[in-house]
Amino acid sequence: VFAVLVGRLGYLQLVQGEHYEKMAIENRIRLLPLAAPRGDFLDTKGRLLVTSRLAPVISIVPMDRDAPETVLTRLSEILGYDVKEQAEEAIARLKERKEYRSYMPIRIVTDADIDTLAKVAEHQLELPGVIIEEQPIRDYPLGEIGAHVFGYVREISKEELEAWRDKGYKMGDIVGKTGLERVYDEYLRGEPGGEQVEVDSGGRPVKTLPGRKVPIAGSSLRLTIDRDLQIAATEALRESMENIKSSFPTQAGAAVVIDVRTGAVLAMVSEPSFNPNVFAKETIPPDIWEAMNDPKWQPQLNRAIRGEYPPGSTFKMVVGVAGLETGTIGPRDTIFDRGVYWRIEPKKCWKSGGHGTVNLTRAIAVSCNVYFYDLGYRVGIDGINRYASLLGLGQPTGIDLYPNERIGLLATPEWKLENYKLLGLRKPEPWQPGETLSAAIGQGFSSFTPLQMANYIATLANGGTRYKPYLVKEIISPEGEVLVRFEPEIQAEVGLKPETVQAIHEGMNLVTKGEGTATSYFRGFPVQLAGKTGTSQNPHGADHGWFVGFAPYENPEIAVAVIVEQGGHGGSAAAPVARRIFETYFQVDSPSTNRPGQVPPSVD
């Protein structure tokens with residue numbers, strides 16, 4: 001027996017000594033991963049929009065024994081909610097991927113508050129393997145403002161891991177889920193580090209050992225977004241909806257501001273919004289999750305690029321361009337509006353009794369339906385659609401955001417024949433002449449996104465150059481080196497005649513003065529503006545309110561598109577939002593007597 005024991009001891013010491021020595025070392029040394037802070041988002045002037053901050057994180061090191069179950073049960077009792085299932089699911093996912101390591105921490109609580117930290121610290125002796133450390137988490141200082149542009153981050157999903165495994169991603173990584181966080185995740189994520197920590201028998205860290213690998217922060221994005229404009233547009237949209245809600249049941253809208261000289265997006269707003277900071281936690285409170293997934297108002301929907309709306313009277317400039325470019329009319333040609341259009345079928349103007357003698361510029365200023373019924377009939381649906389397409393309507397803009405933009409719908413006779421079931425028709429029916437009349441004033445089947453509308457106005461404003469809208473100016477390394485610089489990209493040269501541009505600009509300028517439909521909302525503004533109000537029919541409720549415009553009138557710099565869902569009228573709902581945007585951009589303090597909630601009766 002003694003000989004057997006000596007032999008076994010010798011075998012363990014001499015033959016397997018190195019193996020057991022390694023196991024003993026691993027039992028007292030933990031390799032703790034150190035997450036890399038994601039790169040910042042800066043506005044066009046270098047001001048901080050999104051960053052990362054150090055936050056207390058509570059994790060458990062499984063240590064490959066039965067203790068974790070007992071520890072998790074006790075931890076659940078201390079915290080007052082069940083963390084066991086959450087941890088076990090994480091361990092199961094790691095084992096499934098063959099990435100489980102007994103010494104790797106499993107995150108239980110992120111950004112723990114002071115009460116939670118105090119409870120864990122108080123019972124630390126009862127919680128072997130539970131550690132408290134600081135890790136960088138995403139921080140959105142503006143809260144809900146800009147959430148649809150910036151996006152949010154969360155732990156990588158199984159499907160994402162399958163798709164991105166060859167890019168170095170692994171289970172447990174925090175990745176961008178939407179917005180710019182998703183599109184530029186590979187630049188933003190940085191390179192994680194790690195450190196060796198000596199622990200005692202209870203798994204509690206004793207000291208940090210040499211050989212620490214410092215994490216490398218991700219690259220930062222300098223955006224085209226102007227922080228002041230983004231905040232002003234958001235607050236103005238919210239204020240407008242609040243002030244008209246007694247008359248119209250609106251809770252949603254969008255606004256887009258574009259530099260007409262480059263295509264840079266200076267502001268992009270979608271309401272209602274959400275706070276991306278809530279995604280930093282392991283769990284989201286049920287009431288917040290329910291509100292974020294409201295099926296009616298859909299706070300997570302980026303209406304600026306994925307909302308599709310009939311353009312209403314804001315489409316009339318397209319018809320004017322088609323008429324001038326095809327030679328169907330001249331800028332000063334007139335018709336007499338008696339309030340009813342009788343060709344094809346009776347169609348009424350919005351103004352009882354009509355507008356009398358009108359040419360193109362006055363027709364835009366007063367939004368004369370009869371003028372555009374007649375012009376649409378003479379140009380024809382194919383001519384209208386040709387110029388709508390050239391101006392970017394019903395076309396993808398190519399903007400880099402996730403989820404991807406919708407392309408809207410530029411309805412054609414061919415589209416109607418192919419989609420008759422969608423329209424509730426029993427059999428295919430050809431395009432009717434009366435449908436051209438509706439299309440000419442922005443009603444009917446066509447619908448576009450607010451981003452498309454802003455880009456269309458920007459194209460008119462700069463004389464016919466259609467740019468690709470973009471949100472990122474530069475990608476900057478942690479050392480401050482510019483890795484990538486994004487330049488303006490021309491998508492199309494529409495080739496508008498100077499007299500066409502002059503007539504459209506003049507008509508839009510008259511919208512904001514004299515008898516124009518938006519005069520009440522821009523009275524006293526020190527900068528000459530151009531704009532157009534619009535009301536688009538909504539079969540599911542009150543009409544939508546539009547305002548589009550650009551400024552300055554003589555030398556355009558920015559274009560604006562604002563829509564308020566179920567806002568009733570473009571003037572009272574959307575024009576005050578546009579005014580606030582122009583005030584902020586031009587840094588003028590020009591208080592109007594017609595702020596939201598104090599406006600005169602609106603017209604189209």
Side-chain angles (χ1 to χ4, degrees), residues 257-261 311-325 329-334 351 355 357-369 371-372 375 391 441-442 453-465 494 496-534 546-562 570-571 574-583 585-586 588 590 592 594 599-600 602-604:
V257 185
I258 290 181
D259 188 324
V260 307
R261 301 160 296 185
S313 292
T314 60
F315 189 76
K316 288 175 179 175
M317 287 82 75
V318 173
V319 182
V321 167
L324 293 170
E325 289 294 308
I329 58 165
R332 305 302 169 193
D333 291 353
T334 63
K351 182 180 180 182
H355 293 93
T357 302
V358 289
N359 60 12
L360 176 61
T361 55
R362 183 167 182 249
I364 293 174
V366 300
S367 201
C368 177
N369 286 349
Y371 181 93
F372 288 99
L375 181 55
L391 291 167
I441 63 166
M453 295 294 290
N455 210 32
Y456 139 61
I457 297 301
T459 304
L460 289 179
N462 66 33
T465 300
V494 182
L496 300 178
K497 294 182 287 190
E499 52 268 33
T500 296
V501 175
Q502 181 180 350
I504 297 297
H505 283 202
E506 181 182 342
M508 293 179 69
N509 177 240
L510 292 175
V511 168
T512 65
K513 60 177 62 174
E515 62 178 340
T517 58
T519 298
S520 298
Y521 312 102
F522 293 97
R523 184 178 289 116
F525 199 81
V527 178
Q528 285 285 306
L529 309 171
K532 184 72 188 77
T533 57
W546 278 103
F547 181 86
V548 296
F550 64 84
Y553 166 58
E554 295 291 347
N555 188 22
E557 296 178 18
I558 63 168
V560 175
V562 180
V577 181
R579 176 171 179 132
R580 182 84 63 81
I581 291 170
F582 288 132
E583 286 174 350
Y585 180 83
F586 293 107
V588 299
S590 55
S592 169
N594 294 320
V599 292
S602 179
V603 295
D604 184 13

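Nothing fancy with the numbering, it's 1 onward along the sequence.
For Gln502, the side chain to side chain donor-acceptor pair (under 3.5 Å) criterion is met by no residue, not counting sequence neighbours. With sequence neighbours excluded, the residues that form a salt bridge (Lys or Arg N to Asp or Glu O under 4.0 Å) with Glu515 are Arg362. Residues passing the ring pair (Phe, Tyr, Trp, His ring centres under 6.0 Å) test with Phe372: none are found, sequence neighbours excluded. Taking the side chain to side chain donor-acceptor pair (under 3.5 Å) definition, one finds that Asn359 meets it with Thr361, sequence neighbours left out. Applying the side chain to side chain donor-acceptor pair (under 3.5 Å) rule to Lys513 yields the partners Asn509, Gln528; only residues at least two apart in sequence or on another chain are considered. Take Thr512 and apply the side chain to side chain donor-acceptor pair (under 3.5 Å) test, not counting sequence neighbours, and it matches no residue.
At least one side-chain heavy atom of Ile504 sits less than 4.5 Å from a side-chain heavy atom of Leu360.
Nearest approach of Ala574 to Phe547, heavy atoms of both residues: CB-N, 3.5 Å. Taking each heavy atom of Leu324 and Pro331 in turn, the nearest pair found is CD2-N, 3.6 Å. Val260 and Pro556 make their closest contact through CG2-O, 3.4 Å (heavy atoms, listed as atom of the first residue, atom of the second, distance). Taking both residues in full, the closest heavy atoms of Thr533 and Ser313 are given as O-CB, 3.6 Å, listed atom of the first, atom of the second, then distance. A pairwise comparison of heavy atoms in Gly524 and Arg579 identifies C-NH2, 4.4 Å as the closest pair. Between Leu529 and Ala551, the closest heavy-atom pair is CD2-CB, 3.3 Å.
Atom OG1 of Thr459 sits about 11.5 Å away from atom CZ of Phe550, to the nearest 0.5 Å. The line from CG of Leu496 to CG of Leu460 is 7.0 Å long, rounded to the nearest 0.5 Å. Note that NE2 of His355 and OH of Tyr371 are 13.5 Å apart. Values are rounded to the nearest 0.5 Å. Note that CE of Met317 is 7.0 Å distant from NZ of Lys532, once rounded to the nearest 0.5 Å. Atom CG of Leu510 sits about 9.0 Å away from atom OG1 of Thr519, to the nearest 0.5 Å. Rounding to the nearest 0.5 Å gives a distance of 11.0 Å between OG1 of Thr334 and CD1 of Ile329.
Distance alone, capped at 3.5 Å, is enough to place a donor-acceptor pair between the Asn462 side chain and the Gly464 backbone.
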- Task: Take Val588 and Phe582 through the side chain to side chain contact (heavy atoms under 4.5 Å, CB included) test and state the conclusion after the steps.
- Result: CA-CA 8 Å; Val588 299; Phe582 288 132; over 6 Å; no

- Can you list the steps and then say if Ile457 with Val560 is a side chain to side chain contact (heavy atoms under 4.5 Å, CB included)? CA-CA 8 Å; Ile457 297 301; Val560 175; over 6 Å; no

- Should Val318 and Tyr456 be marked as a side chain to side chain contact (heavy atoms under 4.5 Å, CB included) after you check the CA-CA gap, both sets of side-chain angles, and the distance that decides it? CA-CA 9 Å; Val318 173; Tyr456 139 61; 3.5 Å; yes

- Stepwise, does the side-chain hydrogen bond (donor to acceptor under 3.5 Å, both in side chains) test hold for Ser367 with Lys351? CA-CA 9 Å; Ser367 201; Lys351 182 180 180 182; over 6 Å; no

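Relative orientation of the Phe525 and Phe586 rings is perpendicular, given thresholds of 30° and 60° on the angle between their planes.
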